[in-house]
Engineer: 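Just dropping this structure here.
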Amino acid sequence: QETLDLVRETRPIKIHAFPFSPRPGTIAADMPNQVNRAISKERVRIINDAANANRAEFMRGQIGKTVQVLMEENNIAKPDKLVKLVQALAFQIGSTVSATELAGLVGIDAKTVERYIEILERSYIIFTLPSYAKNQRNELKFARKLYFWDMGIRNGVIGNIAPVSLRSPEELGHMWENFVIAERLKRNDYAGRTFVQHYFWRTQQKKEVDLIEIEDGVITGFEIKRKIGKRVGAPSQFKTAYPEARFECITPSELMEFLM
């Protein structure tokens with residue numbers, strides 16, 4: 001209650017609250033009188049709701065105001081090219097991307113592409129998912145995928161806010177993959193799982209696992225499918241290379257459990 005009172009009194013617009021997660025071998029894990037997990041999660045929800053209310057009130061207070069903006073030192077010499085880059089990335093969610101290929105599409109050099117991608121990542125517009133490899137000859141070792149933190153931004157930059165019924169199955173698959181992975185990363189961050197490493201896995205023969213999580217040395221692979229009931233197992237090459245790894249298939253039926 002004292003924490004909640006402090007949030008309401010100081011009115012922060014962003015806090016990082018999460019329930020305590022005991023780690024084996026730590027002093028805190030064996031401390032007495034630990035709070036029930038369900039109660040902890042409910043308390044975190046109440047604290048976050050209070051902060052969200054503060055943020056909403058602050059945002060409403062900015063409507064109609066003209067404010068000064070402090071720009072970072074990054075110099076975007078060609079803003080039109082940046083817009084084209086974001087649009088190119090929006091059409092490539094779920095696919096591996098190459099700075100050289102993007103440079104050709106946008107009309108700038110590869111170094112500028114890399115710098116603009118870094119700016120977009122630091123601005124929380126996109127995030128990178130690198131490939132995971134462990135000295136297997138047929139694995140992609142230096143590939144990466146780029147996703148959007150907010151699918152509304154992705155749809156806005158390409159001028160397509162059409163309903164699901166008017167989109168192609170291929171696009172819907174990529175959008176669903178982007179949404180699920182982005183929300184999972186947010187969920188891990190909110191839950192305090194900041195040490196989880198995130199990757200994707202793919203072979204040169206295009207056998208793939210959409211999301212790899214590594215926590216405390218444990219590898220878990222996730223295949224993301226949009227259609228309910230369309231469950232798949234781990235690729236045989238993945239099971240051979242990582243026999244101890246866990247594997248799950250995430251469809252809309254498993255989404256809530258996956259993100260809770």
Side-chain angles (χ1 to χ4, degrees), residues 1-18 41-93 102 106-108 112-128 146-167 171-172 174-192 194 255-256 259-260:
Q1 183 61 48
E2 291 180 356
T3 302
L4 181 59
D5 291 341
L6 180 64
V7 170
R8 289 171 174 168
E9 179 182 352
T10 59
R11 310 195 68 76
I13 63 173
K14 175 65 177 178
I15 62 174
H16 186 67
F18 51 89
K41 293 178 69 174
E42 177 62 14
R43 290 177 176 177
V44 168
R45 185 193 64 77
I46 293 173
I47 294 294
N48 283 330
D49 284 349
N52 290 337
N54 293 341
R55 181 164 61 250
E57 182 178 350
F58 173 80
M59 293 300 184
R60 286 193 295 269
Q62 304 309 304
I63 296 175
K65 289 185 178 180
T66 299
V67 298
Q68 290 184 330
V69 177
L70 178 63
M71 301 297 293
E72 292 191 18
E73 62 182 11
N74 296 303
N75 179 26
I76 301 177
K78 301 178 180 179
D80 59 319
K81 299 298 185 182
L82 177 60
V83 172
K84 288 184 178 180
L85 175 61
V86 177
Q87 291 172 334
L89 294 174
F91 283 114
Q92 296 193 39
I93 55 173
L102 290 169
V106 178
I108 53 179
T112 302
V113 167
E114 293 288 3
R115 187 165 67 87
Y116 283 2
I117 286 176
E118 180 183 359
I119 293 173
L120 291 170
E121 286 193 272
R122 292 170 61 183
S123 302
Y124 295 97
I125 302 298
I126 63 173
F127 63 93
T128 299
L146 297 179
Y147 296 95
F148 283 74
W149 283 116
D150 188 325
M151 288 302 295
I153 293 178
R154 181 265 176 185
N155 293 335
V157 297
I158 62 175
N160 185 355
I161 56 173
V164 170
S165 60
L166 297 181
R167 296 180 186 265
E171 183 186 16
L172 288 175
H174 291 318
M175 290 175 63
W176 174 251
E177 178 183 324
N178 189 137
F179 168 76
V180 173
I181 292 176
E183 294 306 309
R184 176 68 173 188
L185 268 61
K186 295 174 191 176
R187 174 265 188 192
N188 285 345
D189 183 60
Y190 295 155
T194 55
L255 181 62
M256 292 307 298
L259 298 181
M260 293 297 291

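Everything numeric in this text was worked out from a predicted model, so none of it was measured.
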Engineer: Who are the side chain to side chain donor-acceptor pair (under 3.5 Å) partners of Gln62, not counting sequence neighbours?
Structural biologist: none
Engineer: Measure the CD1-OG1 distance between Ile15 and Thr3 for me, rounded to the nearest 0.5 Å.
Structural biologist: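 Between Ile15 CD1 and Thr3 OG1, I get 9.0 Å after rounding to 0.5 Å.
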Engineer: Sequence neighbours excluded, which residues qualify as side chain to side chain contact (heavy atoms under 4.5 Å, CB included) partners of Ser123?
Structural biologist: Ile119, Ile125
Engineer: Can you find a pair of side-chain heavy atoms, one from Leu89 and one from Phe148, that are under 4.5 Å apart?
Structural biologist: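 The answer is yes; the side chains approach within 4.5 Å.
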Engineer: Nearest 0.5 angstrom please: Ile181 CD1 to Leu185 CG, how far?
Structural biologist: 8.0 Å
Engineer: Is a side-chain N or O of Gln87 found less than 3.5 angstrom from the main chain of Val157, in a donor-acceptor match?
Structural biologist: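 Confirmed, Gln87 side chain pairs with Val157 backbone.
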Engineer: Who pairs with Ile63 by side chain to side chain contact (heavy atoms under 4.5 Å, CB included), at least two apart in sequence or on another chain?
Structural biologist: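 Not a single residue meets the side chain to side chain contact (heavy atoms under 4.5 Å, CB included) criterion with Ile63.
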Engineer: Sequence neighbours excluded, which residues qualify as salt bridge (Lys or Arg N to Asp or Glu O under 4.0 Å) partners of Glu114?
Structural biologist: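 If we apply the salt bridge (Lys or Arg N to Asp or Glu O under 4.0 Å) test to Glu114, skipping adjacent residues, the hits are Arg144.
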Engineer: Give me each pair satisfying salt bridge (charged side-chain N to carboxylate O under 4.0 Å, His left out) with a member in residues 146-155, each pair once, sequence neighbours excluded.
Structural biologist: Arg154-Glu171
Engineer: For the side chain of Arg167 and the backbone of Ala162, is there at least one donor-acceptor N/O pair under 3.5 Å apart?
Structural biologist: yes
Engineer: Can you list the steps and then say if Thr128 with Glu121 is a side chain to side chain contact (heavy atoms under 4.5 Å, CB included)?
Structural biologist: CA-CA 8 Å; Thr128 299; Glu121 286 193 272; 2.8 Å; yes
Engineer: Tell me whether the count of non-hydrogen atoms from other residues, nucleotides or ligands lying under 6.0 Å of CD1 in Ile161 goes above 12.
Structural biologist: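 Open.
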Engineer: Can you list the residues that meet the side chain to side chain donor-acceptor pair (under 3.5 Å) rule with Lys186, with sequence neighbours excluded?
Structural biologist: Glu183
Engineer: Under a 4.5 Å cut-off applied to non-hydrogen side-chain atoms, are Lys81 and Thr112 in contact?
Structural biologist: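 Result no, sub-4.5 Å side-chain heavy-atom pair not found.
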Engineer: Return the CG to CG distance between Leu146 and Leu102, rounded to the nearest 0.5 Å.
Structural biologist: 7.5 Å
Engineer: Please name the pair of heavy atoms, one in Leu259 and one in Arg187, separated by the smallest distance, quoted to 0.1 Å.
Structural biologist: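 The answer is O-CG, 3.1 Å.
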Engineer: Could you pull out all residues at least two apart from Phe127 that satisfy ring-ring contact (aromatic ring centres under 6.0 Å, His included)?
Structural biologist: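 Expected list: Tyr147, Trp149.
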Engineer: Who pairs with Glu42 by side chain to side chain donor-acceptor pair (under 3.5 Å), at least two apart in sequence or on another chain?
Structural biologist: Arg45
Engineer: Going by side chain to side chain contact (heavy atoms under 4.5 Å, CB included), name the residues that satisfy it together with Asn54, two or more places apart in sequence or in a different chain.
Structural biologist: Val7, Arg11, Pro12
Engineer: Nearest 0.5 Å please: distance from the CD1 atom of Ile126 over to the CD1 atom of Ile93.
Structural biologist: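 Answer rounded to 0.5 Å: 12.0 Å.
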Engineer: With sequence neighbours left out, write down each residue that passes side chain to side chain donor-acceptor pair (under 3.5 Å) with Asn52, or none if nothing qualifies.
Structural biologist: Arg55
